[in-house]
Structures are given as C-alpha cells and as structure tokens.
2 protein chains.
Amino acid sequence: MTTPTLTKNQSLVFDVLTKAEAPLSAYTILDKLRDHGFRAPLQVYRALDKLLEYGVVHRLESINSFVACAHPDENCHSHGLVAFAICESCGQVIEFHDHEVDHRLMDWLKSQKFKAEKSTIEIRGHCASCAA
Amino acid sequence: MTTPTLTKNQSLVFDVLTKAEAPLSAYTILDKLRDHGFRAPLQVYRALDKLLEYGVVHRLESINSFVACAHPDENCHSHGLVAFAICESCGQVIEFHDHEVDHRLMDWLKSQKFKAEKSTIEIRGHCASCAA
DNA sequence: TCAATTGCGTTATGCTATAACGTGTGCGAT
DNA sequence: ATCGCACACGTTATAGCATAACGCAATTGA
C-alpha cells in the first residue's frame, strides 16, 4: 500500500503540482515542463493517471484541474471521502476529510443499494482572504 | 422565484433531458435536436445556462453531462446541497438532498470562513440493478 | 532467451466549451 | 411613434480538455 518509486515523468509532474499554489490543468503542467522535454499532453496525462492511482494527487472535476494531496505522508485512499473548497478568486484549495459526512453519505448509498467507487465533493466560492 | 416561461430552444433542450433516461452531454443534445433546426453547440449551451439558472436542470461535473432535476415542481435552488449517485454501467442518476450532510459541510466551511457559492457532490459507482 | 509488462514518445483525433460577430424582436420611456 | 435597451437567437471560428493508436525501449521473471 506504499507508493512505488516515481518515474522521471511522474516526479516532474508531481513536483510541479507540489510547488504550485493552486490547482493546475494538464495543459498548464505541460507548458511548465516543456523545458524538461515534455512535448505532448499524453505525457502529462499518463503521469497524472499514476499519481491519482497512488493517491498523491487529486483531480478537481469541477475545474478540470489537478492538485497535490495535502497529506502526502498518509495514504489518501484510506481516508474515505475527501472534500475540497475551491476559491474562485485566488484558486487556493482547502482539503477536508469528515467522517460524519462520509458515514451519512455512505448510509444513504447503502440504503439505495448503490455501490460507490469514486466520489467528488467540491465547493466553489471565496476563501477568507478573498471574500472582500 | 418561479421559473419564467421557457423559450423555444430552452423547451426543446429541457424536453430532451426530461425524456432521457440518463444524463446527456451538450453535444448529444445537439444531435438529438438537429431535426428541430439546431446546428451549433452554442444553441444548446445557451439554453442549458438558463435552465441551470432556473434550477430545473443540473450539471454533472464529473461526467460533463446534464440531467433534468428530479423535482421539477419545487425549486431546487432552495434545497441547499444536492448529491448525485451516478451509475457507471447504465448511466442512471439518483438525486439526493440531505440536511445533515448539508449542515456539516456548511459548518466546516464557516469555520474556514469560506463563502460557498456552488457545490458539487457526485458519487460514481454501480446502481442496485447493475451491481452484478 | 523469450514473452509479458510497463513506461515512453509521437501523431492524430475527438470531445467539451466559449469568443466574437451580427440579426431580429419585444417593450418601456421620452 | 420611435428610440434605446435587453434578450434570445444564429453562425463561424477558436480555445481548452482528453484519449486512440502506433511503435520503441527497458525491465522482469519463467
């Protein structure tokens, strides 16, 4: 359950995301890595697929972007649901885990006999600094 | 706060969504409406924008698709958060409102001084019928 | 050694969404 | 009445996001 050693491309992509202050789109990542030899979107997407699989990166569906996990040490996949608050001004993301919400949603899904596999909880709005 | 009369294009798009058994992408809607004179994506997107604004249609961010609201009578915007369970086999969507989850998330956002504006809660997996 | 797996690079393509322009129509204010 | 405004609409073009399909190279393990 530990994260495998990252390949060169995976490391490059992960570094870019780690240093970024906000989520990045795949194409933005591509641009930032052109100097390192990246030429095509697929190089980014393939690295992202693995990083997502390892749980060290999250995909933000509502803004088609990617962000490094806030707790790289622990394995995010073991946390159950993850929620994100995304600031539409500065782009910053706050990651959040809550067992209450988790249980409540899971109970409901169970009552519907729905077998959950992936979840997306994203709140867009304005963070403390940006909410003028 | 009542829904205005729909224009021709808005009605056409809304009808297609209402009759569909699963969420549709904007381009799928476009194809279904070519016989009614639709020729360009914008005709669909513009209608969708309004329908979303009126709260009679939801956008599913995780699958880039749109679905008619499950409670066309009430105004969905007044329900607070909405959650969706999306079956990856048959495409069917179950819409869900829960005040518990709502409050819990809102409390957390408040504690972060985050001003929420739009929310997305989507669970992908397999529905009762499809979970073999 | 051979086969299977995995990562990689490249080209091409498809899907999703919006920009920018112009037209027509209804409607209230002067 | 007509002017101005707001709004829906139609069209063309383009931007932005994601994957298909091909082939090569390195690694591993039977």
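The structure presented is a predicted model; accordingly, all values stated were derived computationally and were not measured.
- Regarding contacts with the backbone of dG7(C), every side-chain N or O of K8(A) stays at 4.0 angstrom or more from both OP1 and OP2.
- Side chain to side chain, H58(B) and E95(B) meet the donor-acceptor criterion of an N or O pair below 3.5 Å.
- The side chain of T7(A) contributes an N or O atom lying less than 4.0 Å from OP1 or OP2 of dC8(C).
- No donor-acceptor pair closer than 3.5 Å links the side chain of S89(B) to the backbone N or O of C87(B).
- Side-chain N/O atoms of T120(B) and R124(A) include a donor and acceptor closer than 3.5 Å.
- Atom NZ of K50(B) and atom C1' of dC9(D) are 13 Å apart (whole Å).
- Here the P atom of nucleotide dA8(D) and the CD atom of Q10(B) are 6 Å apart, to the nearest Å.
- The distance between atom CG of L48(A) and atom P of dC17(D), rounded to the nearest whole Å, is 13 Å.
- A donor-acceptor pair is defined here as one N or O able to donate and one able to accept, closer than 3.5 Å; such a pair exists between the side chain of E122(A) and the backbone of S62(A).
- Although no hydrogens or angles enter the test, the distance criterion places no donor-acceptor pair under 3.5 Å between the side chain of N9(A) and the main chain of A47(A).
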Readout for nucleotides 10-23 of chain C: B = base within 4.0 Å of protein heavy atom, S = sugar-phosphate only, - = neither; 5' to 3' it is BB----BBBBB---
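- Look at CG on N9(A): it is 17 Å from P on dT6(C), rounded to the nearest Å.
- With hydrogens and angles ignored, the 3.5 Å screen pairs a side-chain donor or acceptor of Q43(A) with a backbone N or O of A40(A).
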